[in-house]
Novice: 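I have a structure I would like to understand better, so I am pasting it below and will then ask my questions one at a time.
Residue numbers count from 1 along this sequence. We count ligands from 1, going down the list as the structure has it; atoms in each ligand are counted the same way. Quick caveat, the model's predicted, so the values are computed rather than measured.
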Amino acid sequence: MEIADWEKRYDEAVSTVKEQLGNVQGVFVAYNSNVDAMKHIRESDIKKLISIVGCREIHARISQYPREIKDPVDFMARLIIAMRDGKAAEVPTYTTDIHDWLMDNLVFDSARMGGQAGIISNLLATIGVKNIITYVPWLAREQAEYFVDSPNLWHPVLENGTLVLKHPKEAYNPDQKPKINWILEFSKGLKFGCAGEEYVVPRDNRLIISSRPKWIRIDMMPEMYEQLSDIREDIDGAILAGYQMIKEEYEDGTTYRDYVEHAVNVIERLKGCNPLMRIHVEFTSIQNKVIRKALLTDIVKKHVTSLGLDTVEVANALNVLGHEELAYSVINKGEDSIVSLYEGAVRLLKELELQRVHIHSLGYYICVAAKDHPLSVDDQRQALLFASALAATQATLGSIRDIDDISVGLEVPVYDQGYEDLIELEKYLVRRGICSAEDFEDGCISVYDHDLIIVPSKVVNDPVATVGIGDAISAGAFIALLAKMPKINECKITEVA
Ligand code: ADP
């Protein structure tokens, strides 16, 4: 199919999905929301911070390369390393002390909703999906402020032991402290000196100080969990993210196994006896391999229907599942990395017993679906195209105000390079006799035990913001599929019978 034909498919997909969005009864979204405090570091800021903390201390700490931020010296060491190398980095901090220190000595320029579940909840509420039931285990007043003022957005609360739904701004826990991540951006060319060394930032980048205070738990209180079945009728599916915050061990003696078990229980409660309840997990990078593996083999496998991830995350997932070679060739950026990506997606689909795996990359999306997925490949393709237009809208505008904004994303042209990458995949599949060039034409290929759906995506040349685009892609495709899903509630059928 020529690029111009893809553009036509885009138009059809967006207008169809827009009309169908009202079919979605609702979605449950959990767990991770936080506040992102943004600060652009200027020369005067870095000089001031160096003079407060002291050059000699910072210099000594730089050589120790702190892996977590325990005090202002650790913070300054990692900031200077990131600025010196011009590299993006994310470093955890396990107390809220550094936040207080930064508020006293730096102050942020702006703040916004952060965290996959928070970003997705706001996006889905904004595009008008009926019931968005968001759940944040640590809903502080400051956190609640960053949820959009939308009448279709709810958070569960317990009132006299009964679960009720309220807007997050009316549902927060006044005793809860907020989880605030700091995003410190710096620009190429910024100059500063410390302990006799002169530094010049080689390229624009950012350091994220990610807040992981010890009260952070990916969990739900038992009374709320017990009544989760009461909201089942209001939703067609769930999007779950944030499992990367599970720790191996906690100070109170609990371990990751406890939280993995609770996570599975929540999923099973949400599903109840509805076989069409779709559960999507949005994967992310997880440094700790024990947790990464537990998420895949103990939470995702058997319990979840859909998995969303980017290319690096595919490699990370394959790695802990024992496919090191394939993982390496996915990230190798060689000619056949797209082929390895496809093979990797099939491995994940099979080994994790999923219904669909959706991979987003700059320029194209690949989805592999099980043969018994209730929707056709055409529906799956429309979902991907809708997701791409939504992502392009977000990249162009920074944030989406309502579903009609999607016309902005539709205007963005299909990315040439992504289109070329698909041709590479086509050559491979034809060479291996998996499909003919004609089969490949419209991006939907039926292979003997799965379906492959691939689309070239729309890429914005000069994006206003890139944070959360991956979340918009996965949530957009998943919601489009829910909108197309037949409505069968087995619990009801059984009751009637
Ligand atoms: P994040 O979690 O910050 O969203 P991910 O790596 O999960 O990051 O997702 C980033 C995705 O966003 C890429 O895979 C790509 O498909 C998409 N993307 C990145 N930049 C652009 C852009 N300028 N225009 C459209 N899509 C983009």
Novice: Mind checking whether W182 and I98 have side chains closer than 4.5 Å, heavy atoms only?
Specialist: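 W182 does not reach I98 side chain to side chain.
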Novice: Can you tell me the protein heavy atom closest to atom 2 (O) of ligand 1 and the distance?
Specialist: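 Protein heavy atom with the smallest distance to atom 2 (O) of ligand 1: D471 OD1, 4.2 Å.
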Novice: Could you find the nearest protein heavy atom to atom 3 (O) of ligand 1 and give me its residue, atom name and distance?
Specialist: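 Here the nearest protein heavy atom works out to G468 N, 3.6 Å.
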Novice: Have a look at ligand 1 and work out which part of I473, if any, has a heavy atom under 4.0 Å from it: side chain, backbone, both or neither.
Specialist: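 Side chain only; the backbone of I473 stays clear of ligand 1.
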Novice: Taking atom 13 (C) of ligand 1 as the point of reference, which of Q394, H360, K458 owns the nearest heavy atom?
Specialist: H360
Novice: Please confirm whether S361 comes under 4.0 Å of ligand 1, counting heavy atoms of the residue only.
Specialist: yes
Novice: Would a line drawn from the ring center of Y259 to the ring center of Y243 be shorter than 6.0 Å?
Specialist: no
Novice: Mind listing the side-chain donor-acceptor pairs of residues 359-371 below 3.5 Å, one per line with the distance, residues two or more places apart or on another chain?
Specialist:
| from | atom 1 | to | atom 2 | distance (Å) |
| --- | --- | --- | --- | --- |
| K371 | NZ | S446 | OG | 2.5 |
| K371 | NZ | V447 | O | 3.1 |
| K371 | NZ | D451 | OD1 | 3.0 |

Novice: Regarding atom 5 (P) of ligand 1: of the candidates D310, T284, I119, which has the closest heavy atom?
Specialist: D310
Novice: Looking only at protein heavy atoms, identify the closest one to atom 8 (O) of ligand 1 and say how far it is in Å.
Specialist: G470 N, 4.3 Å
Novice: Got the closest protein heavy atom to atom 21 (C) of ligand 1, with its distance?
Specialist: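 For atom 21 (C) of ligand 1, the nearest protein heavy atom is L362 CD1, 3.7 Å.
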Novice: Tell me whether P463 has any N or O atom under 3.5 angstrom from an N or O of ligand 1.
Specialist: no
Novice: Should we say atom OH of Y146 is surrounded by more than 12 heavy atoms from elsewhere, each under 6.0 Å from it?
Specialist: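 Enclosed.
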Novice: Less than 4.0 angstrom from a charged side-chain N to a carboxylate O is my criterion; do E7 and K458 meet it?
Specialist: yes
Novice: With respect to E313, determine whether any N or O atom, backbone or side chain, lies less than 3.5 Å from an N or O atom of ligand 1.
Specialist: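 It does not: no N or O of E313 is found under 3.5 Å from an N or O of ligand 1.
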Novice: Which pair of non-hydrogen atoms, one from L321 and one from E351, has the smallest distance, and what is that distance?
Specialist: CB-OE1, 4.1 Å
Novice: Would the F147 and H167 ring centres measure less than 6.0 Å apart?
Specialist: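 For F147 and H167, the ring centres are not under 6.0 Å apart.
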Novice: Based purely on interatomic distance, does A391 place a nitrogen or oxygen under 3.5 Å from a nitrogen or oxygen of ligand 1?
Specialist: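 A391 vs ligand 1: no N/O contact under 3.5 Å.
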Novice: Can you find an N/O atom of V460 closer than 3.5 Å to an N/O atom of ligand 1?
Specialist: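 Looking only at distances, the answer is yes, because the N/O contact criterion of under 3.5 Å is met.
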Novice: Do any N/O atoms on Y365 end up under 3.5 angstrom from N/O atoms on ligand 1?
Specialist: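 Such a contact does not occur with ligand 1.
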Novice: Relative to each other, are the rings of F478 and H280 parallel, tilted or perpendicular (30° and 60° limits)?
Specialist: tilted
Novice: Atom NE2 of H358 and atom CD of E282: how far apart are they, to the nearest 0.5 Å?
Specialist: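 It is 8.5 Å, given to the nearest 0.5 Å.
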